[in-house]
Chemist: 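I'd like to ask some things about the structure below.
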Amino acid sequence: MTEPAICRSIAALRDTLKPARMADERIAMVPTMGALHEGHLSLVRRARQEADRVVVSIFVNPTQFAPTEDFDAYPRTEERDVELLRTLGVEAVFAPSVGEMYPAGFATGVSVGGPSVGLESDFRPHFFNGVAVVVTKLLLAALPDVAVFGEKDYQQLCVVRRMALDLNLPTRIVGAETVREADGLAMSSRNVYLSPDERRTAALIQTVLTEAATAIGDGGDAGAILAAGRERLAAAGFRVDYLELRDADTLAAVTAGTASRRLLVAAWLGRTRLIDNIAV
Ligand code: PAF
């Protein structure tokens, strides 16, 4: 068991990481919004494989929520989160206040084009500007050698990769596989919002993805397969934002020359929005 240092300020985080940096040890960061579940813990284990020291950030970032979204309701379970991280040998938890991250007068944005166009942005236009600014700030605060992000938020992973490349951030971005419940539902902090009935229905999202990916991979007509997938989800009670096939690296529309493809979905079940994706 390691007692993680709880750092509330960027200065405290930098002080905590200084000895590791002086000793030329490798530092990995896992940015999170807390409410940790097995999916996050798998990211931490991956970070541990990639580096000597691991820092996890816990920060519910207001700039990636629209005023109509669940910023206030988002689960906040810091004590339990730190307890879980203690068992994984995490050196530091960076848990700043909103004021530390966004001091009065904050007036800077980070805007990424390319992979942020479409999909999530069509339904949550504020989202990637919020993610880009906070991830830039988190990476500049910790200056990790590696940062680990879940493939569950596949578009976010592509956007962060593009941004790190474009801004020459000195951090290698690693994507880690999605962790699933026994019935295939991708783990998410928002799954707690699902009623028992919705929770049973929610697993269909992965069934539809898997079957559509296989059918498209076998050479089927993607347009027809995706339309059938959307209908199947709607018939089960989902309100589908998108079910789309994209270039797996750029998230651009698929063409005859596309080397690898990714199928991405976002759909509402009651008041819970679920996202998932799969390689094709
Ligand atoms: O994926 C998340 O939990 C968040 O979007 C992130 C990357 C921690 C930024 O707030």
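Whatever order the structure lists them in is the order used to number ligands and atoms, beginning at 1.
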Chemist: Please determine if Asn61 has a nitrogen or oxygen closer than 3.5 Å to a nitrogen or oxygen of ligand 1.
Modeler: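 Min N/O separation from ligand 1 is not below 3.5 Å for Asn61.
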Chemist: Write down the atom of Phe59, the atom of Met33, and the distance for their closest heavy-atom approach.
Modeler: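 So the minimum-distance heavy-atom pair works out to O-CG, 3.4 Å.
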Chemist: Give the numbers and elements of all ligand 1 atoms closer than 4.0 Å to a heavy atom of Val134.
Modeler: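 Result: 9 (C), 10 (O).
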Chemist: List ligand 1 atoms under 4.0 Å from Thr32, heavy atoms only on the residue side.
Modeler: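 That gives atoms 8 (C) of ligand 1.
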Chemist: Under 3.5 Å, is there a donor on one side chain and an acceptor on the other for Asp70 and Tyr193?
Modeler: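 A pair is found: one side chain offers a donor N or O, the other an acceptor, under 3.5 Å apart.
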Chemist: Among all the protein's non-hydrogen atoms, which is closest to atom 3 (O) of ligand 1, and how far away is it?
Modeler: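 Ranked first by proximity to atom 3 (O) of ligand 1 is Met33 CG, 3.6 Å.
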Chemist: Between Arg26 and Glu50 (salt bridge meaning N to carboxylate O under 4.0 Å), is one present in this structure?
Modeler: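 No, this pair does not count.
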Chemist: Gln156 heavy atoms, cut-off 4.0 Å: which ligand 1 atoms fall inside?
Modeler: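 Atoms satisfying the 4.0 Å criterion: 1 (O), 2 (C), 4 (C), 5 (O), 7 (C).
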Chemist: Is Glu83 salt-bridged to Arg80, going by a charged N under 4.0 Å from an acidic O?
Modeler: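 Salt bridge between Glu83 and Arg80, a charged N being under 4.0 Å from a carboxylate O: no.
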Chemist: Taking only heavy atoms of Gln64, which atoms of ligand 1 are found under 4.0 Å from at least one of them?
Modeler: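 Under 4.0 Å from Gln64, ligand 1 has these atoms: 4 (C), 5 (O), 9 (C), 10 (O).
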Chemist: Side chains of Glu69 and Tyr74 only: does a donor on one sit below 3.5 Å from an acceptor on the other?
Modeler: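 Glu69 vs Tyr74: no donor-acceptor pair found between side chains.
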